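All figures in this text were calculated on a predicted structure; none of them were measured in a lab. Side-chain atoms are counted along with the backbone in the values below, which use heavy atoms only and exclude waters and symmetry mates. Starting from 1, each residue takes its place in the sequence as its number.
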Amino acid sequence: MALLWRLSVLGAARGGQALSLRSPVIRPAHVSAFLQDPCAPGCCGAQHIHLSRGCHSGSRAASLHWTAERVVSVVLLGLLPAAYLNPCSATDYSLAAALTLHSHWGLGQVVTDYVPGATAQKAVKAGILALSALTFAGLCYFNYHDVGICRAVALLWKL
């Protein structure tokens with residue numbers, strides 16, 4: 001069952017003031033009741049979206065990690081055409097590092113979201129770290145002792 005919920009006006013936000021929207025939004029009743037702010041004078045039932053940093057916003061390291069994840073994703077977007085156009089050992093090793101790091105961070109987020117309990121998360125993340133190290137070592141071995149990632153994909157496409 002959904003509850004039609006009206007948010008307040010999109011105002012000009014200054015500093016730590018709240019930004020709120022004036023558009024109807026359909027949300028489940030239990031979520032709407034949870035998100036609804038206590039009644040304040042003049043804006044009863046409005047949800048406020050704060051633009052300023054909260055006291056629990058995390059550290060600078062978390063922000064840098066998020067930025068690094070995005071940089072690796074953009075680098076992968078550039079490496080894939082480069083690997084097709086210029087298959088060389090530098091591209092092979094760059095792909096090995098970027099693919100391993102990208103998958104390691106992605107699997108780490110899956111564990112954080114879906115594995116309950118701190119002890120279980122630490123154990124699974126240790127396993128993912130070992131798997132990522134093994135993957136990177138295997139890709140580097142493949143690049144050094146065999147045809148490399150770029151040429152291997154090209155050979156697969158010829159089949």
Minimum heavy-atom separation for Pro116 to Ala120, with atom names?
-> O-CB, 3.5 Å
Under 4.5 Å between side-chain heavy atoms, chaining through other members, with only Ile, Leu, Val, Met, Phe, Trp and Tyr counted: pull out the rest of the cluster around Ile128, sorted by chain and number.
-> Leu107, Val111, Val115, Val124
Looking only at non-hydrogen atoms, find the nearest pair between Gly108 and Lys125 and report the distance.
-> O-CE, 3.8 Å
Show which side-chain atoms of residues 149-159 pair as donor or acceptor with protein atoms under 3.5 Å away, not counting sequence neighbours.
residue	atom	partner	partner atom	Å
Arg151	NH2	Pro87	O	3.3

For the pair Leu80 and Leu95, evaluate side chain to side chain contact (heavy atoms under 4.5 Å, CB included) and give the outcome as yes or no after the intermediate values.
-> CA-CA 8 Å; Leu80 295 177; Leu95 269 173; 4.0 Å; yes
Without swapping roles, check the side chain of Asn143 against the backbone of Asp92 for a donor-acceptor pair under 3.5 Å.
-> yes
Who are the side chain to side chain contact (heavy atoms under 4.5 Å, CB included) partners of Ser73, not counting sequence neighbours?
-> His102
Backbone N or O of Thr100 within a donor-acceptor pair of the Ser103 side chain at under 3.5 Å?
-> yes
Where is the tightest heavy-atom contact between Asn86 and Thr91, given as atom of each residue plus distance?
-> O-OG1, 3.3 Å
Side-chain cluster (under 4.5 Å, hydrophobic types only) that Tyr144 belongs to, other residues | Tyr93
Can you list the other members of the hydrophobic cluster that holds Tyr114, where links are side-chain heavy atoms under 4.5 angstrom apart?
-> Val110
Not counting sequence neighbours, list each pair that qualifies as a ring-ring contact (aromatic ring centres under 6.0 Å, His included) and has a residue in residues 60-83.
-> His65-Trp105
